[in-house]
Amino acid sequence: MELGEGQEKLVSHPIRSLAQAYVYYSQCTPFGIYFGDEMVGYVMVIYDYDLASYHIWHLMVDKRSQGKGYGKAALKECLAYIAQKPFGDSDKVFLICREDHTVALGLYKKFGFLPTGNRDGEEIELVLEIS
């Protein structure tokens with residue numbers, strides 16, 4: 001998996017994401033995003049037991065596969081997975097995104113994610129209420 005030029009500030013490096021999946025294995029599920037047999041991206045879903053909430057981490061599509069709808073399809077599948085409540089009950093899904101990552105923000109807002117008002121530097125937190 002490779003990031004496009006300048007995208008290293010938008011998403012964690014794939015090696016860091018794999019390390020986090022290992023560390024948080026009891027509350028995290030990493031997913032490969034595939035087109036046929038070709039891996040075109042990855043995403044992780046993590047559950048915060050302290051807050052009883054799900055989080056979508058590190059949604060990334062390889063630079064050669066961007067703009068083809070894979071991120072949208074992956075987000076849809078993540079939300080379907082979370083709806084099954086695999087780690088525990090929750091009525092919220094959180095994610096963070098850089099404020100200047102307009103493509104990702106547009107996608108998240110189309111799915112109903114709204115800003116919480118919380119931020120960390122250039123990143124804003126978004127939440128989706130689920131049932």
Side-chain angles (χ1 to χ4, degrees):
M1 298 284 91
E2 291 183 43
L3 300 171
E5 188 174 329
Q7 291 182 330
E8 61 280 343
K9 68 180 184 177
L10 303 175
V11 68
S12 291
H13 191 280
I15 292 174
R16 179 175 184 227
S17 297
L18 287 173
Q20 287 176 323
Y22 178 77
V23 170
Y24 297 109
Y25 71 92
S26 66
Q27 66 194 82
C28 174
T29 305
F31 294 98
I33 303 168
Y34 285 85
F35 178 69
D37 292 335
E38 179 185 358
M39 186 174 187
V40 297
Y42 71 91
V43 62
M44 292 195 316
V45 171
I46 190 163
Y47 185 74
D48 185 329
Y49 287 101
D50 294 332
L51 301 175
S53 61
Y54 285 90
H55 299 257
I56 297 175
W57 276 11
H58 310 299
L59 175 56
M60 183 257 195
V61 175
D62 184 84
K63 67 180 183 178
R64 294 170 294 271
S65 299
Q66 293 175 4
K68 298 179 180 179
Y70 300 129
K72 180 179 178 180
L75 185 56
K76 182 178 177 183
E77 291 297 322
C78 282
L79 293 174
Y81 173 75
I82 290 168
Q84 299 172 36
K85 316 280 185 179
F87 291 100
D89 197 30
S90 180
D91 61 353
K92 293 180 176 56
V93 179
F94 292 91
L95 55 80
I96 59 169
C97 183
R98 280 187 56 108
E99 196 167 32
D100 59 349
H101 194 349
T102 56
V103 173
L105 275 177
L107 174 65
Y108 300 144
K109 288 179 179 179
K110 284 181 184 175
F111 274 82
F113 282 89
L114 298 171
T116 65
N118 294 330
R119 62 181 311 123
D120 183 13
E122 300 293 319
E123 295 179 324
I124 61 172
E125 180 182 65
L126 300 137
V127 66
L128 175 68
E129 302 281 335
I130 58 174
S131 53

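For reference, positions follow the sequence shown, starting with 1. Keep in mind that what you see is a predicted model, and the values were worked out from it rather than measured.
- In terms of heavy-atom proximity, Gln66 sits nearest to Val61 at NE2-O, 2.9 Å.
- Lys85 NZ: more than 12 foreign heavy atoms inside a 6.0 Å radius.
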Requested in this report: List the steps and the verdict of salt bridge (charged side-chain N to carboxylate O under 4.0 Å, His left out) for Lys92 and Glu129.
Outcome: CA-CA 5 Å; Lys92 293 180 176 56; Glu129 302 281 335; 3.8 Å; yes

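- If you chain together hydrophobic residues whose side chains sit under 4.5 Å apart, Leu75 and Ile46 never meet in one group.
- Atom CD in Glu125 sits 11.0 Å away from atom CZ in Phe113 (nearest 0.5 Å).
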**Report entry** Test log, rule side chain to side chain contact (heavy atoms under 4.5 Å, CB included), inputs Ile33 and Leu59
**Finding:** CA-CA 9 Å; Ile33 303 168; Leu59 175 56; 3.8 Å; yes

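- Among all heavy-atom pairs drawn from Cys78 and Val43, the shortest one is SG-CG1, 3.5 Å.
- The ring pair (Phe, Tyr, Trp, His ring centres under 6.0 Å) search around Tyr34 returns none, not counting sequence neighbours.
- Each salt bridge (Lys or Arg N to Asp or Glu O under 4.0 Å) pair with one or both residues in residues 28-54, not counting sequence neighbours, would appear here, but there are none.
- Through side-chain heavy atoms spaced under 4.5 Å, either directly or across other Ile, Leu, Val, Met, Phe, Trp or Tyr residues, Phe94 is tied to Val127.
- Val93 and Leu114 fall into different hydrophobic clusters, where Ile, Leu, Val, Met, Phe, Trp and Tyr are joined by side-chain heavy atoms under 4.5 Å apart, directly or via other members.
- Between Cys28 and Ala21 the shortest heavy-atom distance is SG-CA, 4.1 Å.
- Partners of Phe35 according to the ring pair (Phe, Tyr, Trp, His ring centres under 6.0 Å) rule, which considers only residues two or more places apart in sequence or in another chain, are Tyr70.
- The hydrophobic clustering, which links ILVMFWY residues whose side-chain heavy atoms are closer than 4.5 Å, places Met44 and Val23 together.
- Put simply, the side chain of Tyr54 gets close to the backbone of Gly88: a donor and an acceptor are under 3.5 Å apart.
- For the side-chain contact (heavy atoms from CB on, under 4.5 Å) test, residues two or more places apart in sequence or in another chain that qualify with Tyr49 are Gln27, Tyr47, Phe87.
- Minimum heavy-atom separation, Pro115 to Leu126: N-CD2, 3.5 Å.
- Residues Tyr108 and Ile130 share a hydrophobic cluster, clusters being chains of Ile/Leu/Val/Met/Phe/Trp/Tyr side chains in contact below 4.5 Å.
- Residue Lys68 comes nearest to Arg64 through the heavy atom pair NZ-O, 3.6 Å, listed as atom of the first residue, atom of the second, then distance.
- Applying the side-chain hydrogen bond (donor to acceptor under 3.5 Å, both in side chains) criterion to Tyr81, with sequence neighbours excluded, gives Thr29.
- From His101, atom NE2 reaches atom CG of Leu107 across 9.5 Å, with rounding to the nearest 0.5 Å.
- Once rounded to the nearest 0.5 Å, the distance linking CD of Glu99 with CZ of Arg119 reads 4.0 Å.
- Considering only heavy atoms from C-beta on, Ile56 comes within 4.5 Å of Ile82 through its side chain.
- Between Trp57 and Tyr24, the ring planes lie perpendicular to each other; the angle is over 60°, past the 30° to 60° tilted range.
- Ile96 CD1 to His58 NE2: the interatomic distance, rounded to the nearest 0.5 Å, is 8.5 Å.
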